[in-house]
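Have a look at the structure below, then the notes.
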Amino acid sequence: MDSPYTPQKAHKFTFGLWTLGNPGRDPFGEPTRKGYSPVEMVEALADTGAYGVNFHDNDLVPFGSSAQEQDRIVSEFKQALQRTGIAVPMATTNLFSQPVFKDGAFTSNDPGVRAFAYQKVLRSMDLGKEFGAETYVFWGGREGAEVDASKEADVAVSRMRDAINFFVEYSEDQGYGYKFALEAKPNEPRGDIYLPTTGAMLGFIATLDKPHLVGVNPEVAHEQISGLNFYHAVAQAFDAGKLFHIDLNGQKPGRFDQDLRFGQEDAKNAFFLVRLLEGKGYNGPRHFDAHALRTSDHADVLAFAKGCMRSYLILKEKAAQFDADPEVREIFAQIHAGDAGLESYLTGFTKDKATALKSRAFDPAALAAKPLPYERLDQRVFDILMGVA
Ligand code: GCO
Ligand code: MN
Ligand code: MN
């Protein structure tokens, strides 16, 4: 029978067409395999229990296709989705592969390039809706610079704002009802990409015309490239009500964008991430934006996809085990103890509360003396993760 590690549609696992479709190319080497075609991928994923696939416009319809070619591809793909019950919850635009976007799309200095980018997004939003996509992702891969004299960074941000505001209104005008999710990355393929972190995106969203329709799509690798704590970034987005989507993968800090299998690196950070997503009621897709190693053949690519989901479900089980663990609960009781009567002073300013706090006698030495056995606690995390009871 099904084990707790068997993916079910209710887990909402999704993959980009570009993930299993990746042919193992890298900046130094030619493809090492034939990537899964969109239809092959949908068929392969359906057998694994995955919920959906996402795509950039050109993952499905190659750049420059004629209207007839597009119709044929769309209809074949729709049939595959119908056969398999695979959903398309998210869509996005490729604004990075073609030479026209070599210096950015929305942040290009050339209004012609920007207008062409707008056209591509508008058409791609139409395409996503044909498949019922609910979330529209923007990842500004080329929206950056190596030469800061080439573009003014504040102007770049204001052009990004103009673009996002425009597409939000288009979605409203068409009755598409998209929710938009902005994906940050610090670098690669540009030397420096504007709005480099999830935190920067959250600040930017507050400056938009309709911020309630726009959230973030944080990616594990993108925060970890900068050495940041991904779990913290996602927690902040969740707290702000802005976690509209998530890109899961694996990454070592300070490296190129590795897009490794989820859980492949930093299992502890992945554990706290899954515990957050599962424990706090995130109900969006669990999207894997990763690809198999360059050494993988066609069969191993499927093992990679299954591995992403399996690792997630193992971490989900570990999170439940951690929260129910008697030793963890005992330590939690100890470290969360304190004068609960003070809590009411700490939220909701009143003059009386401020006056009372100013005159109250505290005993900082006693506060400092409370034991915080974090060594024991973190060892427990390690033991549970390693399967040592
Ligand atoms: C990357 C990005 C992309 C985006 C994708 C969806 O580093 O290549 O993560 O894979 O997620 O373009 O917008
Ligand atoms: Mn990435
Ligand atoms: Mn991504």
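In this text, all values refer to a predicted model and were calculated from it rather than measured experimentally. Read the numbers this way: they start at 1 and go in the same order the structure lists the ligands and their atoms.
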| message | Show, in sequence, the C-alpha distance, side-chain angles and deciding distance for Val388 and Phe382, and conclude whether the side chain to side chain contact (heavy atoms under 4.5 Å, CB included) test is met. | response | CA-CA 8 Å; Val388 179; Phe382 184 84; over 6 Å; no

The atom name of the N, O or S atom in His222 nearest to the Mn ion (ligand 2) is NE2

Here the N/O/S atom of Asp289 closest to the Mn ion (ligand 3) would be OD2

Ranked by distance from atom 6 (C) of ligand 1, the top protein heavy atom is His56 NE2, 3.6 Å

Non-hydrogen atom of Glu188 closer than 4.0 Å to ligand 1: no

Check Lys120 with Asp57, please: is the shortest side-chain N to carboxylate O separation under 4.0 Å? yes

Exercise for the section: Give a yes/no verdict on whether any heavy atom in Trp18 is under 4.0 Å from an atom of ligand 1. Expected result: yes

For Thr93 and Tyr136, does a side-chain donor sit closer than 3.5 Å to a side-chain acceptor?
yes

Nearest non-hydrogen protein atom to atom 10 (O) of ligand 1, with distance, is Asp289 OD2, 2.8 Å

Output yes when Glu327 and Arg376 qualify as a salt bridge under the 4.0 Å nitrogen-oxygen rule, no when they do not. yes

**Item:** Distance-only side-chain donor-acceptor flag, Tyr176 / Asp126, under 3.5 Å
**Value:** yes

The answer for which part of Glu183 has a heavy atom under 4.0 Å from ligand 1 is side chain

The Mn ion (ligand 3) has as its nearest N, O or S atom from Glu183 the atom OE2

Polar contact flag, side-chain donor to acceptor under 3.5 angstrom, Asn94-Ser97:
yes

The OE1(Glu219)-the Mn ion (ligand 3)-OD2(Asp247) angle, to 10°, is 110°

Check whether Phe238 forms a cation-pi arrangement with Lys280 (NZ or CZ under 6.0 Å from the six-membered ring centre, at most 45° off the ring normal).
no

Logged contact type for Asp257 with ligand 1, heavy-atom cut-off 4.0 Å, is side chain

At under 4.0 Å between heavy atoms, what of Asp259 touches ligand 1? The answer is neither

